[in-house]
Visitor: 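The following block contains the structure, expressed as structure tokens.
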2 protein chains.
Amino acid sequence: MSSPQPLLILTDDDLLAERWQGLGRSPVRARNLEGLDTWRAAGHRLVLIDLGNAKAGQPPLWTQPGWQRNAAGLAILATSSMPNDDEGLAALNAGASGYCHSHAPLETLLQALDVIASGELWVGRALLSRLLRLVDSRLPRSGLADWATPLTEREREVAHLAALGESNLAIAGALGITERTVKAHLKAVFEKLQVADRLQLALRVHGVR
Amino acid sequence: MSSPQPLLILTDDDLLAERWQGLGRSPVRARNLEGLDTWRAAGHRLVLIDLGNAKAGQPPLWTQPGWQRNAAGLAILATSSMPNDDEGLAALNAGASGYCHSHAPLETLLQALDVIASGELWVGRALLSRLLRLVDSRLPRSGLADWATPLTEREREVAHLAALGESNLAIAGALGITERTVKAHLKAVFEKLQVADRLQLALRVHGVR
DNA sequence: ACGCCCCCTGTCCTTGTGGACAATGGCGAC
DNA sequence: GTCGCCATTGTCCACAAGGACAGGGGGCGT
């Protein structure tokens, strides 16, 4: 349906290159980052890259010197023979527009290529749901954070400062009350949040685990 | 390329419904959640939903009683006339497979529908890059975290446990050493990381501020 | 062999922390 | 008016934490 853009494939794996011929579009093959430069110079954008087996090629592709310059302006679909969430995130952060399995069904690859060709990003279901879970667990809820809900206003203030590592005396000074009162508030906070000490409180407040 | 699946559209906006006729596929229109049930009963999966203007319909669609049951098993593309990152996250968490602008170009909508029809998730560039930024700011860096680099192996172990709120005695037990030794390691950790106590250490380790 | 670093442990000692027990004044609900 | 919740403060006390000295044993490079 979309105008099939010319495609550059970049891989060291001959078998994979052959498989990718099945994508149609008679892709051009490159073997190193310089190929990206000439590809862009020719006015093209679409690139399919095999990151290879993480174990084999030690340094990830995007840590190589020319990467930033070479990747700029291109729509790159990064693929891995052993997809891994962290690698995917790293690839996307490094400028790739998509990430999936090297041996994904050709239909899936075509769809991903279509998506990134139109300027969007493409992320697999697994990686995306991990992202969602990550942000979901530590996003500002509507209004108050969950840890703050059972606390009174004063207790919130004390808890917040304590969670930043302030000493009882410092908190007392900041709020213009006695250290004894700070202790009283903290005692209530510990009780309500079911934590043993200020460190556990800090972890809770900052959403660790 | 992909077999065009039958499409159900769900919106209160007549203009929008008319516009979506342009998607082809002669979509069926529904006006309430019950429509989803009959749609699934008919053996279909693909649904395009307009969440409407967030201000107008106060309760988000997915908080309505029947939503969970109605949405199960369907591939739903949620759209909003005023896209908003938080709404998008909520929609995806509520079971939608995609989220974009109600008046996005028809090509974009078709592409998104193709993607979710094939079982993947579809997220717009803006929302996705926000997700990436969120996780990027607090994800384990490649190999060692910055706080760990100046520490010896043993110091890392002790620091890690201390940052989780374990007591010196507990750490000693976990590592099979004396509490005194734990203190020695922690002292070195505090010195190297330039922090005053274990709470500041925890904040550093967990990347707060 | 000597210095350097790491890992381990010991005995003080000071201080911050957190719990126990107790009390006062304000303020809204019944 | 009384009850309950909140904020405030007091004293006493047990204990974990962290610093100050001090030391032994192992590995590693020059």
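Heavy-atom basis, side chains included; hydrogens, waters and symmetry copies ignored. Note on naming: letters A, B, ... go to the chains in the order of the sequence lines (proteins, then strands), and numbering restarts at 1 for each one.
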Visitor: What I'd like to find out is whether the side chain of A:Y99 reaches to under 4.5 Å of the side chain of A:L77, using heavy atoms alone.
Guide: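 Result no, sub-4.5 Å side-chain heavy-atom pair not found.
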Visitor: Is the shortest side-chain heavy-atom distance between A:L48 and A:L7 below 4.5 Å?
Guide: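 SC-SC contact between A:L48 and A:L7 confirmed.
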Visitor: List in chain and number order the residues that pass salt bridge (Lys or Arg N to Asp or Glu O under 4.0 Å) with A:E157, two or more places apart in sequence or in another chain; answer none if no residue qualifies.
Guide: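 Scan of A:E157 (salt bridge (Lys or Arg N to Asp or Glu O under 4.0 Å), adjacent residues dropped) gives A:R154.
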Visitor: Residues in salt bridge (Lys or Arg N to Asp or Glu O under 4.0 Å) with B:E153, at least two apart?
Guide: B:R156
Visitor: Going by the side chain to side chain donor-acceptor pair (under 3.5 Å) test, which pairs reach into residues 180-199 of chain A, not counting sequence neighbours?
Guide: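 Matches after skipping sequence neighbours: A:E155-A:K192, A:N168-A:R198.
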Visitor: Taking 4.0 angstrom as the limit, do B:R29 and B:D14 come out as a salt bridge?
Guide: yes
Visitor: With sequence neighbours excluded, what pairs up with B:A196 under the side chain to side chain contact (heavy atoms under 4.5 Å, CB included) test?
Guide: none
Visitor: Among residues 176-184 of chain A, which contact DNA chain D at a heavy-atom distance under 4.0 Å?
Guide: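 Under 4.0 Å from DNA chain D: A:I177, A:T178, A:R180, A:T181, A:A184.
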Visitor: Can you find a pair of side-chain heavy atoms, one from A:W122 and one from A:D114, that are under 4.5 Å apart?
Guide: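 In short, these two side chains do not touch, never coming nearer than 4.5 Å.
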Visitor: Residues in side chain to side chain contact (heavy atoms under 4.5 Å, CB included) with A:E166, at least two apart?
Guide: A:L161, A:A170, A:I171
Visitor: Can you list every ring-ring contact (aromatic ring centres under 6.0 Å, His included) pair that touches residues 27-51 of chain B, not counting sequence neighbours?
Guide: B:W39-B:H44
Visitor: Taking any atom closer than 4.0 angstrom to a non-hydrogen atom of chain A, what span of DNA chain D does the protein reach, first nucleotide to last?
Guide: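 Result: D:dC6 to D:dT11.
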Visitor: Just how large is the angle between the end axes of the helix from C:dA1-D:dT30 to C:dC30-D:dG1, five pairs per end, to 10 degrees?
Guide: 40°
Visitor: The criterion is side chain to side chain contact (heavy atoms under 4.5 Å, CB included); which residues satisfy it with A:T38, sequence neighbours excluded?
Guide: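 If we apply the side chain to side chain contact (heavy atoms under 4.5 Å, CB included) test to A:T38, skipping adjacent residues, there are no hits.
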Visitor: For DNA chain C, which nucleotides open and close the run of contacts to chain B, 5' to 3', at under 4.0 angstrom from a non-hydrogen atom?
Guide: C:dC6 to C:dT11
Visitor: Considering residues at least two apart in sequence or located in another chain, which fulfil the side chain to side chain contact (heavy atoms under 4.5 Å, CB included) criterion with A:A159?
Guide: A:W147, A:L151, A:V189, A:L201
